[in-house]
Amino acid sequence: MPDTQVPSDVVSALPEWYRSTARDLPWRRPEFHDEFGAWGVLVSEFMLQQTPVVRVIPHLDAWLKRWPTPARMASASAADVVQQWANLGYPRRALWLHRAAVEITDRHGGVVPRGVDDLLALSGIGDYTARAVAVFAYGDRHPVVDTNTRRVLARAVEGRAQPGAPSRRDLDLMASLLPDDIDAAAMFNAAAMELGATVCTSRSPRCELCPLAGSCAWLAAGRPDTGDERRRQAAYEGSDRQARGAVLRLLRTLDPEPVPLAAVLPDWPDAGQRDRAIDSLIADGLAEADGSALFLPR
DNA sequence: AATCCGTGGAC
DNA sequence: TGTCCAAGGAT
């Protein structure tokens with residue numbers, strides 16, 4: 001466990017701030033849990049993996065109304081899932097979510113597992129999502145560390161501008177800060193994420209609104225640029241990802257109609273890149289080909 | 001451990 | 001206008 005001195009108001013001021021200012025998000029409402037249970041939380045967490053909250057919200061309800069249980073989703077085709085995923089981005093997540101639904105149906109009797117290890121064993125679920133489901137769906141006591149929490153800890157406790165690579169130390173530190181009370185611990189996890197999402201933001205932190213301003217190590221040091229910035233995302237324009245996105249958008253638009261291979265982005269600037277995109281989509285299970293045409297996976 | 005994987009809003 | 005970045009995970 002890190003021996004860093006943790007300011008007391010990280011523990012005391014954060015919950016009060018959360019109670020008074022937290023956003024009213026769908027997955028935080030009691031009705032959401034009544035209607036969709038842990039499956040609803042799991043689906044929301046999949047969608048929230050690298051897709052902003054405001055873009056997830058419009059898709060979540062339709063998804064859960066269509067597939068209200070893991071078993072219902074397990075019986076859908078991959079094509080239906082990719083289609084419903086629409087423009088949420090990183091469509092492999094739709095495939096992983098579908099796979100997880102099958103695994104839950106087969107291995108857990110259709111009930112979203114509660115244990116972190118069982119959750120970690122599901123497709124598309126890593127350290128963050130496993131603990132988020134255990135905590136936010138089942139109310140158990142675990143540290144939940146996403147990119148927001150990691151940034152809050154990096155600044156308030158370590159005095160660095162940006163978090164370094166994710167590590168187990170973040171989980172250990174968060175675990176050391178959690179209140180003993182189970183419900184309070186769950187709220188503390190949510191509060192740290194909320195602070196990072198709305199106040200302690202990556203680009204323009206609003207320190208004047210921060211409940212931790214009185215003890216933040218980074219603010220006290222004058223908000224130094226500590227030089228440990230996040231690695232820059234590769235350019236999207238002209239990238240392989242852009243090509244894959246364009247191909248898959250075409251398949252989605254024409255689905256269920258197969259697209260003759262000759263009609264797949266014939267005017268794409270780089271034909272080799274386009275062909276590699278098609279091959280990689282097939283390799284990922286996001287597309288299928290019958291030799292003359294391309295289509296979403298049946 | 002570094003890289004790859006979509007999409008779109010904000011600045 | 002281009003850059004940054006968003007409730008990550010897999011390889």
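Proteins get letters first, then strands, A, B, ... in listed order; numbering begins at 1 in each.
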- Residue pair A:Thr198 / A:Arg23, side-chain donor-acceptor N/O under 3.5 Å: no
- Message: What I want to find out is whether A:Glu158 reaches A:Arg169 closely enough, with some N-O distance under 4.0 Å, to be called a salt bridge.
- Response: no
- Query: If only side-chain N and O atoms of A:Arg232 are considered, is one of them under 4.0 Å from the OP1 or OP2 phosphate oxygen of C:dG2?
  - Reply: no
- Query: Relative to the 5' end of DNA chain B, which residue comes earlier, A:Arg252 or A:Ala234, by the nucleotide with the nearest heavy atom?
  - Reply: A:Ala234
- Query: Can you tell me if A:Gln273 and A:Trp268 form a side-chain donor-acceptor pair at under 3.5 Å?
  - Reply: yes
- Task: Look at all strands and tell whether A:Leu25 reaches a base, only sugar-phosphate, or nothing, counting heavy atoms closer than 4.0 Å.
- Result: base
- Query: Roughly how many Å is it from CG in A:Leu42 to P in C:dG9, rounded to a whole number?
  - Reply: 11 Å
- Query: Which sits closer to the 5' end of DNA chain B, A:Tyr236 or A:Ala165, going by the nucleotide each is nearest to?
  - Reply: A:Ala165
- With sequence neighbours excluded, residues passing side chain to side chain contact (heavy atoms under 4.5 Å, CB included) with A:Arg203: none
- Would you please say whether a donor-acceptor pair under 3.5 Å links the side chains of A:Tyr128 and A:Gln49? no
- Query: Of A:Asp127 and A:Pro52, whose closest DNA chain C nucleotide lies nearer the 5' terminus?
  - Reply: A:Pro52
- Query: How far, in whole Å, is C:dA6 from B:dA1 if one measures between their C1' atoms?
  - Reply: 22 Å
- First-last contacting nucleotides on DNA chain B - partner chain A, under 4.0 angstrom, heavy atom: B:dT3 to B:dG9
- Query: Atom CG of A:Asp284 to atom C1' of C:dG9: distance rounded to whole Å?
  - Reply: 13 Å
- Task: Look at all strands and tell whether A:Ile125 reaches a base, only sugar-phosphate, or nothing, counting heavy atoms closer than 4.0 Å.
- Result: sugar-phosphate
- Task: Indicate whether OP1 or OP2 belonging to C:dC5 is found under 4.0 Å from a side-chain N or O atom of A:Thr201.
- Result: no
- Query: Across the strands shown, which category fits A:Thr129 at heavy-atom distances under 4.0 angstrom: base, sugar-phosphate, nothing?
  - Reply: sugar-phosphate
- Query: Are A:Asp172 and A:Arg168 close enough for a salt bridge, meaning some N to O gap below 4.0 Å?
  - Reply: yes
- Could you work out the separation of B:dG6 and C:dT11 based on their P atoms and round it to a whole Å? 14 Å
- When only distance counts, do a donor and an acceptor, one from the side chain of A:Gln49 and one from the base of C:dA10, lie under 3.5 Å apart? no
- Task: Please tell me which of A:Arg93 and A:Ala235 maps to the more 5' nucleotide of DNA chain C, matching each residue to the nucleotide holding its nearest heavy atom.
- Result: A:Ala235
- Name the nucleic acid region contacted by A:Trp85, choosing base, sugar-phosphate or nothing; use a 4.0 angstrom heavy-atom cut-off, strictly under. nothing
- Message: So A:Gly126, base contact, sugar-phosphate only, or nothing? Heavy-atom distance under 4.0 Å.
- Response: sugar-phosphate
- Task: Spell out yes or no: do the side chain of A:Gln233 and the base of C:dC4 have one donor N/O and one acceptor N/O closer than 3.5 Å?
- Result: no
- C:dA7 and B:dC4: how far apart are their P atoms, nearest whole angstrom? 23 Å
- What nucleotide, of C:dA6, C:dA7, C:dG8, holds the atom closest to the side chain of A:Thr147? C:dG8
- Note on the structure: Rounded to whole Å, CG of A:Leu48 lies from C1' of C:dG9 at a distance of 14 Å
- Query: Cluster partners of A:Tyr90, using ILVMFWY side-chain heavy atoms under 4.5 angstrom, listed by chain and number?
  - Reply: none
- Taking CZ from A:Arg55 and P from C:dG8, how many angstroms apart are they, rounded to a whole number? 13 Å
- Task: Determine, for A:Asp127 against A:Arg131, whether the closest basic-nitrogen to carboxylate-oxygen distance falls under 4.0 angstrom.
- Result: yes
